[in-house]
Each structure stands twice: as C-alpha cells, then as structure tokens.
Amino acid sequence: MINDINRFIQLADTNNLKTKEIETQITNNNRDIIGNFHVTVSFGVTNVANIPWFSISRFTDYKEDAPVFLYYKKQNKLVLSFGVKEEKNNKDSLKYNFKWNDLIRENYQTVQEYFGERVDRYGDSYVYKTFDVANSVVANGESISTDLTEMLMTYKKQLPCGSLINYIKANYTSYLNKFLGVMDKERVDFLNAFPLNNLLNITLDDYSKNGNKDSFTNYIENKTSNICSGNLGINPNKLFYPKNNGYEVLSTVSSAYETFGSVNLKFDEFKRELHYFITNFNINNYQTLNVLKFRANIIKFNVLRLYRNDVALYGLPSQRELSKILVKIGLNINSDDSIAKSIILTNYLISQDPQIVNLNTDIVNRLIWDYKVDCIDSNVNQEDSSEDSNEEEKISMNKNFDKNLILYGPPGTGKTYNTKIYAVAICDDLDLDEVKNRNYDDVLKRYDELVLENRVKFTTFHQSYGYEDFIEGLYPEIKNGSDQITYRVKAGVFKAFCANESFDSLWDSFVLDVKNGKVKWGDILPNADEHKKDTVLSVNGNGNIDLPYANGVPFTRENAKKNLFRSRS
C-alpha cells in the first residue's frame with residue numbers, strides 16, 4: 001500500500017489530473033485490504049486541487065461519508081480520515097445516506113481542530129492517522145496498511161449489512177486473499193498430526209492431556225481457529241478431560257456409553273463413533289447416522305470442517321451463536337444441535353444462490369461468523385424488516401424472566417427441582433417454558449454438565465453459615481514445623497466461583513475479541529509507548545496472545561490466571 005500511496009502523492013505533486021491509472025493500481029495491488037470496496041482518486045477537475053484525495057467506499061465516487069486519504073500539500077501532511085462528504089446528494093439521498101456514528105464524532109478531532117487553523121476543504125472530516133510527507137514520499141508510513149485495514153473494519157461494521165448472502169458475496173474475494181493460505185496451512189498441520197486413518201488409535205493423552213499443545217482438542221480449540229469458529233472452552237466441553245492424574249468423562253457421554261465400563265473403553269467407543277460420523281456424513285443422512293447422541297456440537301462441526309472440506313456445510317459450531325443468524329433470517333428452529341441448524345442454514349443459502357457451492361466452504365463459514373459479529377452482535381443493522389425484528393423481540397421477551405428469585409415453601413414442594421430448571425434456562429439462554437416442558441431427566445443431565453463446566457454452583461445456607469463462608473474471611477494456619485499461628489485470607493464459595501470458576505469463560509471471550517481484531521495494546525496498557533498503543537493484538541498458533549514487548553511476548557491463560565489471583569491474595 002505504501003508504494004501506491006507514494007505514487008498518488010508524486011502524481012499530485014506533478015499536477016497530474018489523470019486518475020484512472022492510479023485508481024486501477026491501488027485497487028489491483030491492495031485487493032486483500034480493500035476487498036470489494038471502490039477506489040476513487042481526485043487531483044482536481046479542470047484545475048489542480050490544493051487538497052488531492054482518494055476514497056475507499058461502497059460506491060464508485062465519493063458520494064457519502066467514507067474513509068478518505070487527504071493530502072494537505074501546504075502542511076506536508078497526508079491524513080487518513082473518517083471523511084465527511086461536503087456536497088449533498090439530494091437526488092439520491094436515500095441511497096447515499098451513510099454517516100459516521102456518534103462514537104467517531106465524539107472521539108476524534110476534526111481536520112480543522114487538528115491543524116488548529118482554517119483549511120481550504122474537508123475540515124469537518126475526522127482524523128484517524130496522519131503521516132508526514134517530504135520530497136513527495138510519506139516519511140512515516142510503516143503502519144499505513146494496518147491503519148487502513150483497521151479503519152475499513154470500523155467502516156464495514158457501521159455500514160448496514162443487508163442480507164447474509166449479499167454479505168458473503170460482497171466480502172468473499174478479500175477474505176479469500178486474506179485467509180485461504182492460513183486456512184490451508186492449518187488443515188495440513190492438523191491432518192499431519194491426526195490423519196483420519198489413525199484416529200482410532202489416538203490415546204486419551206493425545207486427545208486432551210493438560211499442557212500438551214499438540215493435543216487433538218488444542219488443535220481444534222487454538223491451532224485451527226481460522227477454520228473452526230468457536231472453541232471448546234473449559235475442560236468438560238472436551239467430553240474426556242484430565243482430572244486427578246487420570247481422566248474423567250462428561251456425564252452425558254458416560255450415560256450414552258454406560259455399557260462400556262471404564263473411561264478407556266468409553267473413549268474407544270467414542271473414537272469409533274466419531275470416525276464413523278466423519279467418514280459417512282452427508283447432509284441428507286445426518287438424522288439416520290445414529291451416533292454421538294449427546295451434546296458434542298463443537299467436536300462434531302469442527303471435525304467435519306477439518307476432515308471433510310469436500311462437504312458444503314455452512315454454519316457455526318456453537319448452536320447458540322448460529323441461532324442468532326437463523327432468527328435474523330426467520331429460520332429459527334427448536335433444537336440445540338449445531339449440525340441440524342447448519343443444515344437448515346445451508347439449504348437456505350443454496351436456495352438464495354445455488355452458485356454458493358462453488359465457493360470455498362472455509363471462507364464462507366468465516367464470513368458467516370463475521371456476519372454475526374458485524375451485523376448482529378454489534379447491532380449496526382438498522383434496516384431489519386419489521387418481521388425479523390418482531391420475531392427476535394418475541395423470542396427475547398420469552399426469555400426475559402427475572403433472574404433474582406426466591407423460591408419458598410416447606411420441604412418437598414419442589415424448590416430444588418425448579419432451581420435446576422431455572423439454571424438451565426438462564427445458562428443456555430432458553431425460553432423457560434421450553435425447559436419446563438422437557439423431560440426432567442434431560443434437564444438434570446444438562447444441569448450436571450453446567451456444574452462440571454463451573455457455570456453453576458449450588459450451596460445451602462444454614463444458621464452457622466456466615467460472611468466468611470460465602471464471601472471471604474481470615475482462617476488460621478499453623479506453619480510447618482512450628483507452633484506459630486498465622487492467618488490468611490480465604491475466598492468463600494461466592495467469591496471463589498466469581499473469580500476462579502468464571503475465569504476460563506472470560507479468558508475465552510477475551511481471546512475471541514483479540515481474534516476478531518477488537519483489542520489494541522493501548523486498551524490493555526494505557527501508558528504504553530505512543531507508537532505501540534494502536535497495535536492490534538493477535539493470537540498465535542499456540543492460542544496465546546502476542547504482546548508487543550520488544551520482539552513480542554506471549555501472554556498465556558496460565559499467566560493471566562496466576563497474575564489475577566496473585567492480585568487477589
């Protein structure tokens with residue numbers, strides 16, 4: 001990008017009014033950054049402009065607010081700005097109607113404010129970054145590609161998204177250029193580590209040993225994150241997980257394989273079913289495969305993505321996140337199965353555009369995830385149809401029951417029974433009536449899973465139960481080899497639950513934000529060096545976060561937890 005920008009400046013300084021050549025050059029050389037956006041260059045019309053510019057926007061020409069590079073010749077500055085369109089397009093005001101939101105207007109200086117003097121034009125645009133220009137060359141443009149990428153991400157998030165199929169088609173080329181090589185490498189590395197013909201032979205240590213960065217579950221959770229949107233979360237979601245120098249099995253898995261005895265025998269049956277599922281799956285036979293009949297959404301979806309990239313299955317591993325998309329397009333179904341929901345979405349997308357099957361499935365699935373982030377989670381789409389909005393509102397209202405409840409009554413009137421129903425509805429974001437209508441044994445199984453996942457804690461208050469038991473208190477200890485008594489602060493049930501048990505889910509959420517380019521170094525360390533504050537953090541191949549100390553320092557889950565609890569001791 002920097003070479004093309006220097007070419008733009010050189011042409012501007014030679015008073016060249018021809019723009020087509022440089023527009024084509026910028027577009028063709030930077031497709032991985034600008035995607036399907038349009039580049040428009042202006043050196044002036046008839047007369048040479050004092051402030052040449054080029055915009056990158058959803059329409060040809062600079063017809064509404066958009067990212068704009070402004071070259072202020074007099075000040076020798078190139079300004080990357082949230083460009084504010086000066087002329088009004090009264091004729092097409094309904095079409096060219098994008099305006100920067102209040103966050104931009106409140107948090108960035110205008111060009112006029114930045115220079116502290118009246119400028120000839122575009123003074124109402126908002127300054128994102130500035131670059132010094134000397135001898136027709138940008139003198140400090142090392143970060144210019146990253147800066148533009150970040151601005152275009154902000155721009156994209158503020159644009160009305162429209163339909164999912166249009167979002168996929170509009171962004172497909174740029175995503176293909178950006179992610180395909182990375183995804184191909186992730187798949188090759190995974191298949192080299194766990195070839196399908198050896199899947200039946202892997203051990204529990206291969207599958208999920210603590211500290212084994214090359215384990216099967218760590219590959220799916222961290223090392224293939226570009227292909228597999230979502231992660232396995234904390235240990236119990238891995239179905240088989242290390243505990244007390246051995247291995248435990250999730251209760252629902254144990255129940256499904258109760259005739260197989262030991263954990264190792266259950267694991268052998270799980271591997272057999274997983275292998276059968278992978279090799280025999282197609283969209284039309286899923287309901288008849290009759291294997292893996294327990295909650296294993298992430299494992300099932302991601303092994304299909306990794307082993308069977310020949311299968312055009314569009315969706316997400318998390319059924320909850322996928323539901324957000326299905327609700328938006330009016331296809332929500334009453335199921336907690338991500339494969340079933342993905343099949344519904346796949347058939348819908350093919351009905352919208354049969355040619356989608358000719359696109360790379362990994363790229364399409366990445367776009368589905370980003371559509372959820374950009375167009376649903378961030379609530380930027382203000383043009384939902386009333387039908388979609390009402391459906392989403394109706395479902396939200398059904399789940400909107402009071403969370404602070406006191407269930408009272410004499411023993412045997414169902415307080416504990418109903419508590420578990422409420423816990424499942426709250427944790428899984430489900431309609432309370434839906435959970436009440438389920439078989440209670442199924443509810444109980446899900447409740448037990450949530451307890452194992454450290455998302456639910458059950459405690460009993462009694463007359464001698466005090467603040468120290470619930471929040472924190474001082475507890476005496478006798479030092480080894482002496483009679484000396486010391487006191488230490490010990491967390492109670494509630495504080496330990498909030499701090500320790502919720503840490504993993506908070507970490508997973510933080511890592512997801514980093515993967516989506518939402519966290520800068522300055523957000524973490526406000527007093528960071530000025531030139532590093534705007535560095536966007538990234539997740540490395542081991543699932544750790546690279547911090548911009550010196551040549552880069554990895555920040556791990558273990559270090560984060562250690563520092564958190566050191567600060568609380």
Side-chain angles (χ1 to χ4, degrees), residues 179 181-250 263-264 267 270-271 274 278 296 298-307 317-318 362 366 453-454 500 503-516 519 537-565:
F179 292 111
V182 178
M183 289 175 167
D184 286 345
K185 184 179 187 307
E186 285 184 352
R187 179 174 281 105
V188 168
D189 290 346
F190 172 79
L191 293 178
N192 284 337
F194 297 99
L196 183 58
N197 58 13
N198 196 46
L199 185 60
L200 295 172
N201 299 319
I202 67 171
T203 66
L204 281 164
D205 283 352
D206 296 330
Y207 181 75
S208 140
K209 184 178 180 180
N210 280 340
N212 180 7
K213 294 180 180 178
D214 294 322
S215 69
F216 185 89
T217 51
N218 192 56
Y219 260 98
I220 292 177
E221 181 176 356
N222 294 311
K223 289 191 169 186
T224 56
S225 57
N226 285 288
I227 297 174
C228 303
S229 301
N231 57 57
L232 294 175
I234 56 180
N235 281 340
N237 281 331
K238 295 176 182 177
L239 309 182
F240 295 83
Y241 55 97
K243 187 174 182 180
N244 299 329
N245 298 318
Y247 282 89
E248 294 285 345
V249 57
L250 200 65
V263 172
N264 278 302
F267 184 60
F270 166 70
K271 288 186 296 182
L274 189 64
I278 295 166
I298 291 173
I299 288 285
K300 289 192 292 187
F301 186 90
N302 287 346
V303 295
L304 284 177
R305 294 298 331 116
L306 290 164
Y307 286 113
S318 167
D362 292 336
R366 176 61 189 249
E453 293 171 13
N454 296 316
N500 192 14
F503 172 83
D504 287 303
S505 60
L506 292 172
W507 174 263
D508 291 338
S509 177
F510 176 57
V511 169
L512 187 59
D513 282 345
V514 173
K515 287 179 180 177
N516 288 325
V519 184
L537 301 186
S538 61
V539 178
N540 62 31
N542 295 322
N544 301 319
I545 297 171
D546 285 329
L547 302 181
Y549 281 122
N551 293 324
V553 174
F555 188 49
T556 66
R557 181 191 299 260
E558 291 72 24
N559 286 340
K561 182 177 283 191
K562 189 184 302 179
N563 290 334
L564 172 67
F565 292 117

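Quick caveat: nothing in here was measured; it's all calculated off a predicted structure.
Taking every heavy atom of both residues into account, Leu239 and Ala296 meet most closely at CD1-CB, 3.9 Å. Taking each heavy atom of Ile220 and Phe190 in turn, the nearest pair found is CG1-CE1, 4.5 Å. Closest approach of Asn264 to Leu204, counting heavy atoms only: OD1-CD1, 3.3 Å. The minimum heavy-atom distance between Val182 and Asn226, with the atom names listed, is CG1-ND2, 3.3 Å.
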Evaluation steps, side chain to side chain contact (heavy atoms under 4.5 Å, CB included), between Leu199 and Ile278: CA-CA 11 Å; Leu199 185 60; Ile278 295 166; 3.8 Å; yes
ring-ring contact (aromatic ring centres under 6.0 Å, His included) evaluation trace for Tyr247 with Tyr241: CA-CA 5 Å; Tyr247 282 89; Tyr241 55 97; 8.6 Å; no
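The main-chain N or O of Tyr219 is found under 3.5 Å from a side-chain atom of Thr224 such that the two form a donor-acceptor pair. Between the Glu248 side chain and the Pro242 main chain, no donor and acceptor come within less than 3.5 Å of each other. Arg187 contributes a side-chain N or O that, together with a main-chain N or O of Arg305, makes up a donor-acceptor pair within less than 3.5 Å.
Glu221 CD to Asn302 CG: the interatomic distance, rounded to the nearest 0.5 Å, is 10.5 Å. Atom OG in Ser215 sits 9.0 Å away from atom CG in Asp206 (nearest 0.5 Å). From Phe216, atom CZ reaches atom CG of Leu306 across 7.5 Å, with rounding to the nearest 0.5 Å.
Applying the 6.0 Å contact sphere to NZ of Lys209 captures no more than 12 heavy atoms from other residues, nucleotides or ligands.
Salt bridge status for Asp189 with Lys223: absent, with no side-chain N to carboxylate O gap under 4.0 Å.
Residues Asn201 and Asn198 bring a donor and an acceptor atom of their side chains to less than 3.5 Å of each other.
Within the 4.5 Å cutoff, no side-chain heavy atoms of Asn212 are placed close to those of Asn218. Phe240 places a side-chain heavy atom less than 4.5 Å from the side chain of Val263.
Aromatic ring centres of Tyr307 and Phe194 lie farther apart than the 6.0 Å criterion allows. Checked against the 6.0 Å centroid criterion, the rings of Phe267 and Tyr207 qualify as a close aromatic pair.
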